[in-house]
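Just so it is clear: chains get the letters A, B, ... in the order the sequence lines come, proteins before strands, and each one is counted from 1.
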Number of protein chains: 2
Amino acid sequence: MPLTLEGIAKLAGVSRSTVSRVINDHPSVRAEVRGHVQQIIRETNYQPHAAARSLVTHRTHIISVIIPESVTKLFTDPFFPLLLYGITATSNAHHYDLMLSLFNGPGEEGETYRRIIGSGNLDGVIVASAHLTDAVFLRLLQDKIPFVVVGRYPDESVNCVDVDNIGGARMAVEHLIGLGHTRIATLTGPLTMTHGADRLSGYRLAMAAHQLPVTDDLIFHGDYTESSGMTGAKQLLAASPTAIFVASDVMAIGALKTLREAGLRIPQDIALVGFDDVSIAAAVEPALTTVRQPIIRLGATATELLLSLLASRPAAGAAAQRIILPTELVVRQSCGAAGMIPGTSL
Amino acid sequence: MPLTLEGIAKLAGVSRSTVSRVINDHPSVRAEVRGHVQQIIRETNYQPHAAARSLVTHRTHIISVIIPESVTKLFTDPFFPLLLYGITATSNAHHYDLMLSLFNGPGEEGETYRRIIGSGNLDGVIVASAHLTDAVFLRLLQDKIPFVVVGRYPDESVNCVDVDNIGGARMAVEHLIGLGHTRIATLTGPLTMTHGADRLSGYRLAMAAHQLPVTDDLIFHGDYTESSGMTGAKQLLAASPTAIFVASDVMAIGALKTLREAGLRIPQDIALVGFDDVSIAAAVEPALTTVRQPIIRLGATATELLLSLLASRPAAGAAAQRIILPTELVVRQSCGAAGMIPGTSL
DNA sequence: GAAACGCATGGGAGCGCTCCCATGCGTGTT
DNA sequence: AACACGCATGGGAGCGCTCCCATGCGTTTC
């Protein structure tokens with residue numbers, strides 16, 4: 001029952017080689033023969049054995065997503081599911097299969113890495129991580145596995161795709177400045193992560209561009225959690241800002257609660273801008289003005305970059321690509337630019 | 001540089017077969033020889049070529065998760081990420097690799113299915129879907145691929161793992177009854193999905209067990225979305241219930257908003273119980289009483305079941321297993337049982 | 001002390017493919 | 001008319017493993 005190339009060849013009255021040529025679209029097969037073989041393949045529902053094939057071609061048509069992130073963060077955040085969707089859809093469209101590897105514990109990492117990479121099962125890897133310190137990068141580089149990083153990575157030789165965190169943050173803060181704010185505070189993410197650091201840079205750039213002073217009391221270092229948004233907002237109030245740029249929506253929602261409890265009206269007393277545009281951002285009261293990042297496109301672009309790498313088999317040491325996708329300011333109520341009546345300026 | 005079995009054999013001064021025996025833990029290798037070979041393997045960082053191996057063993061040590069769900073639902077819902085985590089962690093722990101397949105469009109399904117399954121790349125499959133009509137089941141059955149369904153599946157011959165939706169719903173409703181409610185309405189999920197139907201069954205069982213009448217105006221058929229929670233609550237108010245059992249937290253939050261707008265206090269004027277225990281459930285005001293399902297364990301259990309299937313290679317037609325995991329009632333404020341001060345009964 | 005057995009080890013075959021080279025045929029060249 | 005050449009096709013080799021069988025040796029048995 002397990003049909004092989006040879007079997008199809010016998011059925012079609014040709015040789016194994018000819019069937020192989022048909023399957024691999026080799027030009028030198030007579031159209032008539034090709035048609036006949038294709039029909040037999042269709043009728044028998046034959047499909048070449050992947051292992052046998054990759055044993056000789058050294059290609060598996062499988063790529064892997066490696067997520068070395070700690071578990072909790074991973075699954076609270078709507079970021080990864082969307083990224084994963086972008087990646088899957090794209091790899092499927094290109095007839096590649098997708099393997100998913102989470103490195104859960106630090107202990108697991110070495111063993112899992114070896115199993116995943118060492119067995120020759122993979123054509124390439126997408127690394128979704130913001131931690132620059134992860135050992136994975138070094139190992140992949142050393143093992144000469146083609147890979148693409150989602151996020152910014154400082155090493156010039158690494159291919160990466162990121163969203164424009166700096167530009168997005170800058171845009172958000174300049175929007176606040178445009179509304180007349182001058183005392184603008186910021187609630188940052190962890191600066192050990194590129195997006196955390198970048199969003200702060202964007203804030204600084206915008207302030208500097210308009211000669212607005214940035215004092216230490218205008219900056220609170222959070223960690224993207226709602227509770228850090230709450231404590232951050234409380235602390236920032238001491239500097240009596242008229243607006244706060246918050247580096248994530250989840251933190252912004254924490255801030256919102258605290259500010260409300262303090263008796264402040266948003267946006268009349270204090271304006272708020274978030275980052276991410278998670279689904280709750282539009283649902284809270286008042287709806288959150290925020291910076292939207294194209295997460296699905298991020299995954300799709302990373303996948304496309306990886307696949308193009310695989311297709312061209314570039315000489316090692318070739319210039320790596322880095323792609324930055326634009327972010328977009330979504331103006332809702334919390335910044336005070338739009339009116340409280342959706343769709344109008346009132 | 002690509003090290004092979006033969007290479008290791010030469011380095012160790014033994015034969016290819018002996019090295020193979022060491023790798024596969026075959027007993028008949030002298031302890032001394034075994035140790036020596038193992039050391040060489042460690043030193044050289046050798047790893048057997050997966051494709052070559054599976055060409056002869058017909059095993060790949062790869063399992064796949066197939067999610068035939070439509071995209072939107074998939075990635076709004078925190079269910080899938082958690083499920084995926086349970087699956088990955090477990091398969092990793094058992095040294096299995098995980099492939100992820102989303103069937104996005106109906107058109108894509110056939111082609112993707114063929115690519116995934118037909119190539120012999122997979123040892124087994126976990127299907128995460130609640131739609132009984134999906135063609136995947138039939139194809140998997142027909143192709144004799146070992147698989148496990150996450151969710152209840154009526155066919156006796158199918159292995160499946162589910163959470164106790166009926167019991168959970170029943171528990172929730174009985175809790176409300178215990179608090180003195182008699183006019184209890186319900187806001188259901190889509191009844192084409194087993195969990196939607198099961199949660200309604202649980203409601204009916206609880207009501208019947210206490211001789212409480214269930215009239216049509218006490219039931220609204222929603223679709224798990226927040227907006228259907230809003231319209232559902234509005235409509236159910238006509239029956240003036242004193243409590244509503246809502247089949248999902250997201251819908252419950254929609255209902256919450258509508259009820260508030262109608263001037264009702266929760267839980268004083270109307271009690272509310274949700275289902276799922278998503279992370280926002282604890283964050284809303286008042287915190288939502290809800291039924292928690294062990295999603296990570298669900299994924300882990302499904303994976304373990306599949307792996308045990310693979311290990312035992314049961315005769316086709318052997319009795320399938322169905323495992324039901326218990327759900328748990330999480331009592332918070334919205335039902336009126338706990339007081340408004342967390343941690344106390346006031 | 002010879003036959004019988006057990007265990008550790010080596011080498012051949014073959015899994016299902018792709019690739020290369022050899023073959024055969026039709027066409028174009030001189 | 002003889003040759004070279006191109007293209008379509010067939011078959012051998014081999015990818016890196018596992019499995020089976022053959023071999024050789026030490027130990028038991030009567």
> Compare the minimum distances between each of C:dC17, D:dT18, C:dG11 and the side chain of B:S20, then state the nucleotide with the smallest one.
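Looking only at heavy atoms from C-beta outward on B:S20, the closest nucleotide is D:dT18.
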> Side-chain N or O of A:T18 versus OP1/OP2 of D:dG10: is the shortest distance under 4.0 Å?
yes
> Look at the side-chain N and O atoms of A:Y46 and state whether any lies under 4.0 Å from the OP1 or OP2 oxygen of C:dG16.
no
> Looking only at the side chains, is there a donor atom on one of A:S64 and A:S101 sitting less than 3.5 Å from an acceptor on the other?
yes
> Starting from the 5' end of DNA chain C, give me the residue, B:G13 or A:A51, whose nearest nucleotide shows up first.
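The 5'-side residue here is B:G13.
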> Starting at the 5' end of DNA chain C and moving along, which residue's nearest nucleotide shows up first, B:A52 or B:S28?
B:S28
> Mind calculating the distance between NE2 (B:H49) and P (C:dG16) to the nearest angstrom?
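Going from B:H49 (NE2) to C:dG16 (P), I get 16 Å.
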> So, does B:R322 use its side chain to make a donor-acceptor pair with the main chain of B:D162 at under 3.5 Å?
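No; zero donor-acceptor contacts below 3.5 Å.
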> A:R34 or B:L5: which one's nearest nucleotide on DNA chain D is closer to the 5' end?
A:R34
> From the set D:dT18, D:dG14, D:dG16, return the single nucleotide nearest to any side-chain atom of A:V56.
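Minimum distance to the A:V56 side chain belongs to D:dG14.
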> Side-chain N or O of B:R53 versus OP1/OP2 of D:dT18: is the shortest distance under 4.0 Å?
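Answer yes for this pair, as a side-chain N or O of B:R53 is under 4.0 Å from OP1 or OP2.
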> Given D:dA8, is OP1 or OP2 found less than 4.0 Å from the side-chain N or O atoms of A:R21?
no
> Is a side-chain donor or acceptor of A:D123 paired with a backbone partner of A:T60 at a separation under 3.5 angstrom?
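It does hold such a pair.
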> Would you kindly check whether a donor in the side chain of A:S17 faces an acceptor in the base of D:dG11, or vice versa, at under 3.5 angstrom?
yes
> Taking OP1 and OP2 of D:dT9, is either one under 4.0 Å from a side-chain nitrogen or oxygen of A:R30?
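For D:dT9, OP1/OP2 do have a side-chain N/O of A:R30 under 4.0 Å.
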> Hey, does the side chain of B:S15 come within less than 4.0 Å of C:dG10's phosphate (OP1/OP2), counting only N and O?
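Answer yes for this pair, as a side-chain N or O of B:S15 is under 4.0 Å from OP1 or OP2.
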> From the options B:T112, B:I145, B:V136, select the one residue that forms a side chain to side chain contact (heavy atoms under 4.5 Å, CB included) with B:I117.
B:I145
